Amino acid sequence: MWALCFGALIIVSFTHWIYRWRNPRCNGKLPPGSMGLPLLGETIQFFAPNTSSDIPPFVKERMKRYGPIFRTNLVGRPVVVSTDPDLNYFIFQQEGQLFQSWYPETFTEIFGRQNVGSLHGFMYKYLKNMVLNLFGPESLKKMIPEVQQATAKRLQLWSQEDTVELKEATASMIFDLTAKKLISYDQENSSENLRASFVAFMQGLISFPLEVPGTAYHKCLQGRKRAMRMLKNLLHERRANPRKHQNDFFDFVLEELQKEGSILTEAIALDLMFVLLFASYETTSLAITMAIKFLSDNPLVLKQLTEEHEAILKNREIADSGITWKEYKSMTFTFQVGQLFCNQFNIISVAFFDN
């Protein structure tokens, strides 16, 4: 009799747990969707490989089934996914007010607990100003000749090759350029390959978070550890042997660390450097690769883009002079293409809710 009652209690408790999993509590009304399997949720479907440049199948299938806003469960966390452009714009505009950035434990393990995306309030604004000091409008004006020179050099090298793997080639170019600007890193004169660590990191970034040797996630974490160790060694080397007039991010970091009462710590600075290098390595190279692909698929757009740049060259007093800030600001159609392309990348917003 007792055994029967105990068994019934287990069944009732398990059924209740399943019900609560599929119908999580929320202070409001949740959109339609499925929470998937207990514990796993829909994580496996989410991490399924996607070889196209279209919206990921995971999102596209649920958009057809539930609409532009739906709920699911990823890596053990209940999630609301929005593909509505107006709502996503509103979310980004209200960051820090009605909405606050938050990331699951696996994200902080990968990007560091002091990464800029996990900080809020005054510290977030402080780091944002640090980045703008390096990549703001005034700094961009000075960077134009460096970017043009680096691009021309790579294009000349690519022209001598039979074929070029565009994503890899642009990633290498962007990483080298940004690493030089951030930390004056030069692969040709370094005994360690910083970019190789980022390659290992990227290969396991979008993978099931299983910390077991041999898995993609484990290799991702190991790549981050190697990269962070190299950045720390470079920072300590610069601290011990300061080089004047480098005008890189290390200079700014060292100045801030030496200020009395500074809120910046070495750990936060290193995590910020890692995130900036990651952003340059992956997002920018991917955007350039996809832009070239879309332009090749749309000859009329490519024609108008070419005409705008040819007109700039034609109006130059000195044909071989570099791009000026005035010319850069006059590229109205180029900016429109870039803005349209960025909007295509920012169609999905993910929000975590407590249950």
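Being a predicted model, the structure only gives us computed values, none of them experimental. What you see below is based on every heavy atom in this structure, not just the backbone, and it leaves out hydrogens, waters and symmetry mates. Residues take their numbers from the sequence shown, with the count starting at 1.
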**Report entry** Beyond-backbone contact of R154 with T170, side-chain heavy atoms, under 4.5 angstrom
**Finding:** no
Query raised in the report: Is the number of heavy atoms from other residues, nucleotides or ligands under 6.0 Å of E266 CD greater than 12?
Result: yes
Query raised in the report: For the atom pair CD (E307) and CG (L302), what is the distance rounded to the nearest 0.5 Å?
Result: 10.0 Å
Query raised in the report: Tell me, do E308 and Q304 make a side-chain contact under 4.5 Å, heavy atoms counted?
Result: no
Report summary line: What one should report as the nearest heavy-atom pair of A227 and F274 is CB-CE1, 3.9 Å
Report task. Taking side chain to side chain contact (heavy atoms under 4.5 Å, CB included) as the test, write out the residues that go with R316, two or more places apart. Result -> L313, S321, I323, E327
Query raised in the report: Are more than 12 heavy atoms from other residues, nucleotides or ligands located less than 6.0 Å from atom CZ of F335?
Result: yes
Query raised in the report: Is there side-chain contact between R226 and R229, with heavy atoms separated by less than 4.5 Å?
Result: yes
Query raised in the report: Is the shortest side-chain N to carboxylate O distance from K180 to D176 below 4.0 Å?
Result: no
Requested in this report: Answer yes or no: is there a side-chain heavy-atom contact under 4.5 Å between P78 and M35?
Outcome: yes
Query raised in the report: Does any non-hydrogen side-chain atom of L166 lie less than 4.5 Å from one of I288?
Result: no
Query - Audit row: R238, E255, salt bridge (Lys or Arg N to Asp or Glu O under 4.0 Å) steps and yes/no - result: CA-CA 12 Å; R238 180 74 69 85; E255 288 179 9; over 6 Å; no
Query raised in the report: Looking at CG of N315 and NZ of K326, how far apart are the two atoms once the value is rounded to the nearest 0.5 Å?
Result: 9.5 Å
Query raised in the report: Is any side-chain heavy atom of T72 closer than 4.5 Å to a side-chain heavy atom of F58?
Result: yes
Query - Shortest non-hydrogen contact from T265 toward L257 - result: C-CD2, 3.8 Å
Query raised in the report: Considering residues, nucleotides and ligands other than K219, do more than 12 of their heavy atoms fall under 6.0 Å from its NZ?
Result: no
Query raised in the report: Got more than 12 heavy atoms from elsewhere within 6.0 Å of OH, Y328?
Result: no
Query raised in the report: What are the two closest heavy atoms between H309 and L305, and how far apart are they?
Result: CD2-O, 3.1 Å
Query raised in the report: Side chains of Y66 and S34: closer than 4.5 Å at any heavy-atom pair?
Result: yes
